[in-house]
Amino acid sequence: MPAGLLSRAPPAASRAQLLASISATSARAASTLAAGWARTAAGLPAPTPVPGEPEHVKIKTDEVPGPRSRALLAEMNAVQDPRSVHLFWDMKKSKGNYIHDADGNAVLDVIGHIGSLPLGYNHPDVVAASKSDEWGPHLAQRPALGFCPPADWPDKIRDVFYAVAPKGLAEVVTTCGCGASAVENAMKVAFIYKRNIIRGSDTPSKEDTESCMTNDVPGSPDLAMLSFKGGFHGRTLGALSCTRSKSIHKVDFPAFPWPMVDFPQLKYPLSENHAVNKREEDRCLQLVEECIKTYPMPIAGLLVEPILSEGGDLHASPRFFQELRRITRENEVLLIADEVQTGVGGTGKFWAHEHWELEGDYPDIVTFAKKMQASGLYMKTSLRPPQPYRIYGTWMGDPLRVLQCEIVSKTIEKYNLLDNANQTGDFIMSGLRQLGEVYQENVHNVRGTGTFIAFDSDTGASRDKLLAFMRTHGVHTLGCGDRSIRLRPSLIFGPKHAVEFLSILEDAIVAVRK
């Protein structure tokens with residue numbers, strides 16, 4: 001049985017009956033915190049609800065997962081490893097911020113398919129677009145875009161990707177769909193850039209072209225990428241060599257001998273720890289500069305997430321990233337912002353690196369995937385390789401995902417969903433801090449921007465108990481790092497949903513403390 005489905009709290013039939021009959025807020029009227037959250041939320045603007053979205057969590061089964069889910073698990077086990085599966089869901093019945101599982105439970109989704117669900121389930125604007133004549137041909141066949149793109153492909157590149165392009169980056173490369181493919185190609189761009197500098201030419205020599213075929217220098221050069229402890233950049237071999245979050249991702253796989261340095265471990269609340277956090281950031285910056293200057297291989301690129309997500313939602317100040325930009329620029333190292341998880345609005349800005357306040361000196365490359373629906377990278381035009389086929393593949397993207405990306409970005413603008421992420425995120429963090437004042441060992445180090453939020457429990461074991469209870473009682477989310485709980489809701493997650501999440505979290509805390 002998969003670990004994801006086995007991590008569940010004891011049966012809660014009475015809880016299920018209660019939530020099925022009355023609203024989540026009134027069910028907790030006795031809670032002073034919950035009542036206060038409900039009053040505050042009632043006075044806040046709310047995103048336009050998705051038609052058919054449930055009013056609240058509804059749990060029908062005595063256990064989550066229920067009997068149908070467990071049967072599906074057994075069926076899947078016969079054909080594919082299901083041990084990472086958390087739930088099976090009904091794609092038609094799921095609406096808005098609620099995922100309907102195979103047993104008919106309506107669960108509040110606060111993790112959004114690991115941060116890849118931008119507009120919730122069955123958003124009417126997306127559903128309407130999917131029925132348009134434009135989508136049909138792309139369902140019938142998928143083109144090799146680098147070889148035979150549709151006639152409207154240049155327009156789509158311009159209208160979809162350039163409409164949301166990060167500042168300073170005027171070239172886009174689309175990849176096969178996952179974040180790792182975006183990161184792999186970003187690293188290849190960095191290696192080409194660095195090799196051209198070392199060689200003094202953008203044209204490989206005869207020795208280069210011959211030696212690369214036997215994986216020897218100089219054609220297969222000794223170059224490195226620099227990444228941070230706690231970072232996650234994907235599971236392909238190059239990206240995995242830069243991934244430093246969990247050993248299970250890396251063990252038994254060959255890796256490049258590339259360096260890693262510490263990422264700042266900030267103390268919270270930030271307002272009370274300015275001096276100690278500045279010293280910590282300065283320590284890490286010094287490690288970065290020393291590594292670039294002394295590592296036995298030339299460093300081609302520095303790969304960094306704006307928030308180190310899988311590693312525990314680790315943050316740093318704008319000053320830290322501004323100094324990273326200075327150090328990389330001065331040492332001819334490309335700064336690659338890995339926005340696979342942080343991009344497309346969850347942090348309250350379309351791109352999380354906008355929070356760095358770089359003032360014109362932007363990252364050299366920005367990777368994207370997840371909420372973008374399409375995957376790829378933006379880069380400076382000067383980084384386009386001089387030869388074709390250097391950054392290439394059969395698909396070079398997927399027009400259908402580009403159409404999804406188009407409606408997502410238009411819907412974000414149409415409904416002011418970045419404003420909603422900021423407002424709802426502020427509300428959630430305020431509620432978490434209130435919980436932390438009462439239950440400090442269960443909720444502390446509250447951090448985030450927009451709805452890209454995390455908090456710590458006192459131990460990994462207590463964190464896991466909270467997650468299990470919440471899942472059984474109708475909230476689906478995940479942990480990260482050693483003892484953190486992270487939130488990655490859709491951009492239509494509003495104050496009403498935040499009240500329900502906070503209230504069920506409080507129930508979980510009370511239950512695990514008994």
Side-chain angles (χ1 to χ4, degrees), residues 19-28 34-60 87 89-101 104-113 115-131 344-346 348 371 373 404 406-431 450-453 470 473-477 487-505:
L19 289 181
S21 61
I22 57 177
S23 76
T25 300
S26 62
R28 304 176 184 85
W37 295 328
R39 287 193 299 270
T40 302
L44 295 174
T48 302
V50 169
E53 180 184 72
E55 287 296 318
H56 53 79
V57 165
K58 294 180 180 179
I59 302 298
K60 297 180 177 180
L87 56 80
W89 63 290
D90 188 315
M91 296 180 70
K92 291 183 179 180
K93 292 182 179 179
S94 298
K95 304 287 184 181
N97 292 285
Y98 294 85
I99 184 169
H100 277 250
D101 73 8
N105 299 309
V107 177
L108 182 65
D109 190 356
V110 192
I111 196 61
H113 292 257
S116 64
L117 190 72
L119 301 175
Y121 296 99
N122 290 301
H123 192 285
D125 291 38
V126 179
V127 172
S130 71
K131 297 177 181 178
V344 196
K371 276 188 172 71
Q373 307 304 288
Q404 284 183 295
E406 180 177 33
I407 192 62
V408 165
S409 60
K410 287 181 177 179
T411 304
I412 289 171
E413 182 177 13
K414 176 181 177 181
Y415 295 105
N416 299 312
L417 295 182
L418 297 183
D419 290 343
N420 177 67
N422 284 312
Q423 171 193 271
T424 303
D426 288 345
F427 178 79
I428 293 171
M429 285 199 287
S430 175
T451 53
F452 203 104
I453 295 170
M470 285 193 289
H473 292 74
V475 169
H476 187 220
T477 192
L487 314 184
R488 301 292 185 270
S490 75
L491 299 175
I492 61 167
F493 194 88
K496 165 187 175 293
H497 311 105
V499 170
E500 187 163 36
F501 160 71
L502 291 166
S503 299
I504 293 176
L505 173 60

Using side-chain contact (heavy atoms from CB on, under 4.5 Å) as the criterion, list what pairs up with [X], not counting sequence neighbours.
X	result
Lys414	Asp125
Asp419	Asn416
Gln404	Trp135, Gln373, Arg401

Approximate separation, where rounding is to 0.5 Å, of [X] [atom1] and [Y] [atom2]:
X	Y	atom1	atom2	result
Lys496	Leu44	NZ	CG	14.0 Å
Trp89	Ile99	CH2	CD1	5.5 Å
Phe493	Ile428	CZ	CD1	5.0 Å
Phe501	Ile453	CZ	CD1	8.0 Å
Leu417	Leu119	CG	CG	6.5 Å

Quick one: does any side-chain atom of [X] pair with a main-chain N or O of [Y] as donor and acceptor, under 3.5 Å?
X	Y	answer
Glu500	Leu108	no
Thr451	Gly425	no
Ser409	Glu406	yes
Asn420	Gly494	no
Asn122	Lys95	no
Ser430	Asp426	no

Derivation of the side-chain contact (heavy atoms from CB on, under 4.5 Å) call for Val344 and Ile412: CA-CA 9 Å; Val344 196; Ile412 289 171; 3.9 Å; yes
Ring pair (Phe, Tyr, Trp, His ring centres under 6.0 Å) partners of His476, counting only residues at least two apart: His86
Residue set satisfying ring pair (Phe, Tyr, Trp, His ring centres under 6.0 Å) with Tyr415, at least two apart, ordered chain then number -> His123
Which heavy atom of Tyr121 sits nearest a heavy atom of Tyr98, and at what distance? CD1-O, 3.7 Å
Between Ser490 and Asn97, is there a side-chain donor-acceptor contact under 3.5 Å, judged purely by atom types and distance? yes
For Asn105, side chain to side chain donor-acceptor pair (under 3.5 Å) partners two or more places apart: Thr61, Asp101
For Arg488 and Phe452: C-alpha separation, side-chain torsions, deciding distance, then whether side-chain contact (heavy atoms from CB on, under 4.5 Å) applies. CA-CA 6 Å; Arg488 301 292 185 270; Phe452 203 104; 3.1 Å; yes
Quick one: are the ring centres of Phe427 and His497 less than 6.0 Å apart? no
One pair to check against side-chain contact (heavy atoms from CB on, under 4.5 Å): Lys371 and Val408. What are the steps and the verdict? CA-CA 9 Å; Lys371 276 188 172 71; Val408 165; over 6 Å; no
